[in-house]
Engineer: 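This structure is in structure tokens; I'll ask about it shortly.
Owing to the predicted nature of the structure, the values given are computational and were not obtained by experimental measurement. In each ligand, atom 1 is the first atom listed, and ligand 1 is the first ligand listed. Here, residue 1 is the first one in the sequence, and each next residue gets the next number.
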Amino acid sequence: MKNKTYFTIKSIVTIFFVTVFMGCQSKPKKTFTINDIKVIPKPTTLTLEEGSFSFNKNTKVYVTNDAQLQAAGILLNRLKIAASLDLEVVKMPPSSNFIQFKLNEDLQNEAYQLNVNSKSITVEANSFSGFIYGSETLRQLLPAEIESQNNIESVAWVIPNVNITDSPRFKWRGLMLDLSRHFFEKDYIKQTIDRLAYLKMNTLHLHLVDDQGWRIEIKQYPKLTEVGSFRVNQEDKPWNARHTPKPEEKGTYGGFLTQEDIKDIVAYAQSRGVTVVPEIEMPAHVTSAIASYPELSCLEKPVAVPSGGLWPITDIFCAGKESTFEFLENVLTEVMGLFPSKYIHVGGDEATKTNWKTCKHCQKRMKTEGLENVEELQSYFIKRMERFISYKGRVLIGWDEILEGGLAPGAAVMSWRGVKGGLEASAEGHDVVMTPGSHCYFDHYQGDMDTEPKAWGGYTPISKVYDFDPVVESMTEKQAHHVLGGQANLWAEYVSTTSHSEYMIFPRLVALSETLWSPKADRTWEEFTTRLTPMFKRLEYQGINYAKSAYNISAETHVNNNTNVISVTLKNEFPNPDIRYTLDGTDVDNMAISYQTPIEITKTTTIKASLYENNKPIGKVFEKTFNYHKGVGKPVNYITKYSNSYQGAGTNNMNNIVRGSKNFHDGQWQAWIGNDMELVIDLEKTTEVSKVSVGSMENQGPAIYFPTHLEVLLSNDGKKFNSVGKINRPFNSNAEIVLKDFTIAFEKRTSRYVKVIAKSLKKTPNGGGAWLFVDEITIE
Ligand code: ACM
Ligand code: ZN
């Protein structure tokens, strides 16, 4: 890295806030220190100087062209709304109290320099984006109230004198919105563009095509939107439990962007320095297109736009027929007419190519082109599209599957299946954008599954996003040179509202922006968190429904199977978290115990815990009960064996006190597929028993269903069992992940053996195997 960040405190600046209304009245004095500067992403170099600059109604704006004025507008608009300061724009430089935008031809694209002194502010750049980023930095140097949607009085609009030289580490700093799985309107897309620019991000990738909806008007093929944009509404059912609609069923749920909408979005993005990259999927993830024009597929069979999950994806574009390519070239011609982006994304992921193996057109194509297998046919497909796109002066980009079978030299790759595709592509000389699922998939959970809204799976908390580096350690310098940057992807299968979309994007995008902009050597998670918390206030003023999951506490539990002592480690993502807890069921307050080392549990206990900041609780209250019931640690005889895939904690699983969470991979669940659970717990001596509870989970997406019947039977000899209670629970469709204890209570008996039978649904409504998940059989 050429530049190195250095924060120096030349002096402590003392200023007096002066109110501009109700006469002149001294306010408490404010001292600026380097700790008052909370800009994200962190500027490459920043020096604090003596003094400060105050915005007031006499402050002038000096620009020399319209582009500078437009970039300044981002700041001026905020000052007008939040500060009631409608600054005058002038063509000649005033002697003092002004902000000027000035061309500096020595600066790179997107770079800017900022000098703030007591008399004036100078923003220098050599590009429109550079001027925008200068404005955005000034916005973040002002008090958080500058983000307010209403005028706020009694705030001094003062910023410290600073010198900043700043430029991005990567040139691709992106976010992908999936408009297909759920459609999002133009206004939300424009709002998202503002938020990208705020964080100095420059790319919005729109996933416009997928199985569940075609989202862009194509004039030559009107059915793509008439048919392909709407599906049968099954939003009340879990994504993966929706039935396949019949082709003649009319779709009513969906929407699309008209070409006028797109022109508006693209123009808006240009005014914020953001490039909109369109993605037109091929050859798979296109059921919406095939529903509109069945002749595009090999089988030519009418299909409906699926209402939810579809896997595997076998109904794909036919790679044999010339008409497929004619269609795609016509579509892409309209798309390229709308999007000036250098890169055109063609998807390319997750095609199951079984139809290609039997289709006479595809087979003929393979023969005439000398292609050995269907992977090479996909390679032919993408190479052919690459020729067309590059002929039009653009660059093809696609998901890392486009590497399979060989890729045209000019094409770029988006690595999503980890970093492997990026390593391979960069070694072959392709440019790459890194979007590994592990760090960049914002459809993953960002906190404990038990308290988060249902997400696709995976666990990508903000600290992990901050850890992201698009350049992989093992890359050579040459490979690293091919890394354009990185991008977050928000797939929207489970995200149907703008507020939920905001929740998944923020604050993780704040972390991503810094990983893509700021020099790696000059930033740490620990220091970043001191700027992140103040950013939350700015997001709040912007009306963004950001997740506060980073404030929540999670627990790691270890049980000693010999002693049944449980050790609980409480954790939080922030460095040196101030966690306080109680063990007696009382609420956490200032009298609670300060967490230092793992908590040892030896008897029935409820842990309640909170993260504290400045002596106040923040985030959600953590609560977990450990119930030392009569069955703990007793031998369990399984009459039906659990699946090898979900063995939980082995034969200790059902009575080890530690409970399974909503994460069905957490190692605490035992599961049966297509089969009932039947087991006997030996209490080892006759024991008074009056209640048996069976913990279970329902998550219908991945085919996990509650039991349909439960029965408890008791015996003293382990041979002859008497039923003491039953529950019948008919199947219900359920879109949520639910944890539930099914309790059978009965008059107190003495018994040694407890048999529990839980009947499985066995088959899902779609006919696949149904899972039964059980953890902890509580005997009281
Ligand atoms: C992808 O997540 N299928 C690119
Ligand atoms: Zn075919």
Engineer: Give the ring-plane orientation class for W771 versus F773, where under 30° counts as parallel, over 60° as perpendicular and anything between as tilted.
Structural biologist: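 Geometry flag for F773 against W771: perpendicular rings.
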
Engineer: Can you tell me which residue and heavy atom of the protein come closest to atom 3 (N) of ligand 1, and the distance to 0.1 Å?
Structural biologist: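 That would be D349 OD2, 2.6 Å.
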
Engineer: Are the charged groups of E473 and K520 less than 4.0 angstrom apart, N to O?
Structural biologist: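 No, no charged N to carboxylate O under 4.0 Å.
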
Engineer: If the Zn ion (ligand 2) is the vertex, what is the angle to SG of C362 and SG of C298, rounded to 10 degrees?
Structural biologist: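 Computed angle, vertex at the Zn ion (ligand 2), rounded to 10 degrees: 110°.
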
Engineer: Do the ring planes of Y466 and W525 sit parallel (below 30°), tilted (30 to 60°) or perpendicular (above 60°)?
Structural biologist: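 Y466 and W525: tilted rings.
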
Engineer: What angle, in degrees and rounded to 10°, do you get at the Zn ion (ligand 2) when you join it to SG of C318 and to SG of C359?
Structural biologist: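 It is 110°, given to the nearest 10°.
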
Engineer: Geometry only, no angles: is E350 polar-contacting ligand 1 at N/O separations under 3.5 Å?
Structural biologist: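 The answer is yes, given that E350 and ligand 1 share an N or O pair closer than 3.5 Å.
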
Engineer: Check whether any N, O or S atom of H361 sits under 2.8 Å from the Zn ion (ligand 2).
Structural biologist: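 No - counting backbone and side chain alike, H361 has no N, O or S atom under 2.8 Å.
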
Engineer: Under 3.5 Å, is there a donor-acceptor pair between the W399 and E279 side chains?
Structural biologist: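 Result is yes, a qualifying pair exists.
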
Engineer: Less than 4.0 angstrom from a charged side-chain N to a carboxylate O is my criterion; do D469 and R169 meet it?
Structural biologist: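 Yes.
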
Engineer: Looking only at non-hydrogen atoms, find the nearest pair between V331 and L224 and report the distance.
Structural biologist: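 Smallest heavy-atom distance, with atoms named: CG2-CD1, 4.3 Å.
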
Engineer: Side chain or backbone, does H285 bring an N or O within less than 3.5 Å of an N or O on ligand 1?
Structural biologist: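 Such a contact does not occur with ligand 1.
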
Engineer: Please indicate whether any nitrogen or oxygen in Y441 is less than 3.5 Å from any nitrogen or oxygen in ligand 1.
Structural biologist: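 Looking only at distances, the answer is yes, because the N/O contact criterion of under 3.5 Å is met.
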
